[in-house]
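Each remark here refers to the structure printed beneath this line.
In this text the structure is predicted, and so the values were computed from the model without any measurement. Below, all heavy atoms of this structure are taken into account, side chains as well, without hydrogens, waters or symmetry copies. Each ligand, and each atom within it, is numbered from 1 in the order the structure gives.
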Amino acid sequence: MSTTPDIVCRDLVRIYRSRDVEVQALQGLTLTVRAGEMVALVGASGSGKSTLLGILSGLDAPSAGQAVVADVDLGSLDRRGRTRFHRHSVGFVWQQTARNLVPYLTVSENVAAVLTVAGVRGRQRDERVREVLDLVGIGDHGHELPGALPGGVQQLAAIAVALANRPRVLLADEPTGALDRAAARAVLATMRAVNEHEGVTVLIVTHDPTVAEQVRRTVRIRDGRTSTETIRDDLGNSPGEEFAVIDEAGRLQLPESFQLALGLRDRVRLSLQDDHVVLRRGDDEVDR
Ligand code: ADP
Ligand code: MG
């Protein structure tokens with residue numbers, strides 16, 4: 001695994017302004033995803049997940065801060081540059097199955113269409129269509145229209161479309177949100193396989209904790225900022241080790257479960273040791 005990050009966000013801010021309201025959807029978000037990593041971004045509805053993916057996919061521009069994806073500094077792109085970036089450097093899967101595929105084209109034609117737009121034609125294109133359908137395990141469904149297929153297969157077809165042009169990064173916004181458990185599991189397993197075997201960097205947004213449990217690194221987003229992380233060495237079994245993100249101002253969020261377990265709130269007591277920091281309840285006796 002290379003150590004060059006494929007996604008770098010530094011103090012990313014996105015403010016939506018309408019006539020008299022201002023929403024700060026991202027409030028200084030910091031995130032690094034290394035090449036070949038698979039990360040689940042988890043957060044409540046309204047926490048800024050889709051806003052972040054919109055920026056990382058080149059569909060939207062940040063109000064402030066920096067976003068670099070697959071070595072492209074998104075802030076330096078104009079609208080046309082972002083469109084080109086969106087077509088070639090990232091693959092994208094939406095939650096709404098209907099939004100991922102053109103309904104009147106077969107699955108094969110859907111994949112072929114994005115290859116055509118990228119300038120791939122003829123036999124090369126046909127071969128890539130077959131290859132990418134096999135990659136996600138739906139080689140038998142190429143001739144079918146999306147509407148004739150179960151939601152889970154439609155999402156696999158969407159992954160095939162997203163991967164057709166060999167993007168370095170695959171972004172998925174709640175890709176299993178509209179599926180039943182078995183279909184969700186299959187879609188996630190496919191995304192993991194694509195990550196492991198093809199080395200595609202995957203960032204998957206979800207509010208489903210069972211999805212997060214299947215992914216080694218989970219980053220939580222709260223109020224438009226990344227807060228804490230869990231790294232699991234042993235997928236599906238161990239609860240995982242907790243990490244917190246310290247932003248450039250030195251701010252840190254504790255996992256809610258830690259706060260509740262020890263009643264940590266308002267002011268806490270900090271002390272610096274040789275190689276660690278001790279944090280205890282502010283009302284505890286001081287050790288002397
Ligand atoms: P999530 O995907 O985590 O549910 P979003 O990124 O969709 O969160 O939204 C984050 C915040 O930004 C929410 O408060 C939402 O209402 C607001 N928001 C999202 N899109 C827009 C928009 N186009 N105009 C105004 N506010 C928006
Ligand atoms: Mg969303």
Of Val39, Leu41, Val211, Val42, which is the lone residue that meets side chain to side chain contact (heavy atoms under 4.5 Å, CB included) with Val205? Leu41

Atom CG of Leu203 and atom CG of Asn195: how far apart are they, to the nearest 0.5 Å? 11.5 Å

Starting from atom 7 (O) of ligand 1, what is the nearest protein heavy atom, named by residue and atom, and what distance separates them? Ser50 CB, 3.8 Å

Please state which protein non-hydrogen atom is closest to atom 10 (C) of ligand 1 and give its distance, to 0.1 Å? Gly46 O, 3.4 Å

With a 4.0 Å cut-off, would you call Arg130 and Glu127 a salt bridge? no

Test side chain to side chain contact (heavy atoms under 4.5 Å, CB included) applied to Leu115 and Gln124, Arg125, Arg121, the passing residue: Arg125

Got the closest protein heavy atom to atom 27 (C) of ligand 1, with its distance? Tyr16 CD1, 3.2 Å

Set of residues satisfying salt bridge (Lys or Arg N to Asp or Glu O under 4.0 Å) with respect to Arg14, sequence neighbours excluded: Asp60

Side chain, backbone, both or neither: which part of Ser18 comes within less than 4.0 Å of ligand 1 when only heavy atoms are counted? neither

Side-chain H-bond candidate by donor/acceptor type, Thr230 with Arg220, under 3.5 Å: yes

What are the atoms of ligand 1, with element, lying closer than 4.0 Å to any heavy atom of Ser45? 4 (O)

Is there at least one protein heavy-atom neighbour under 4.0 Å from atom 15 (C) of ligand 1? no

Under 3.5 Å between any N/O of Ala25 and any N/O of ligand 1: does that happen in this structure? no

Below 4.0 Å from ligand 1: does a non-hydrogen atom of Gly43 turn up there or not? no

Quick check on atom 3 (O) of ligand 1 - does any protein heavy atom sit closer than 4.0 Å to it? yes

Would you mind running through ligand 1 and noting each atom that sits below 4.0 Å from a heavy atom of Ala44? 3 (O)

Metal site the Mg ion (ligand 2): N/O/S of Thr51 inside 2.8 Å: no

What I want to check is whether the side chains of His276 and Gln273 have a donor and an acceptor closer together than 3.5 Å. no

Proximity winner for atom 17 (C) of ligand 1, if only heavy atoms of Leu26, Thr51, Val23 are counted: Val23

Quick one: are Val161 and Asn100 in side-chain contact, heavy atoms under 4.5 Å? no

Grab the two heavy atoms, one from Ser50 and one from Asp173, that are nearest each other, plus how far apart they are. OG-OD2, 2.6 Å

Please write down residue, atom name and distance for the protein heavy atom closest to atom 8 (O) of ligand 1. Gly48 N, 3.2 Å

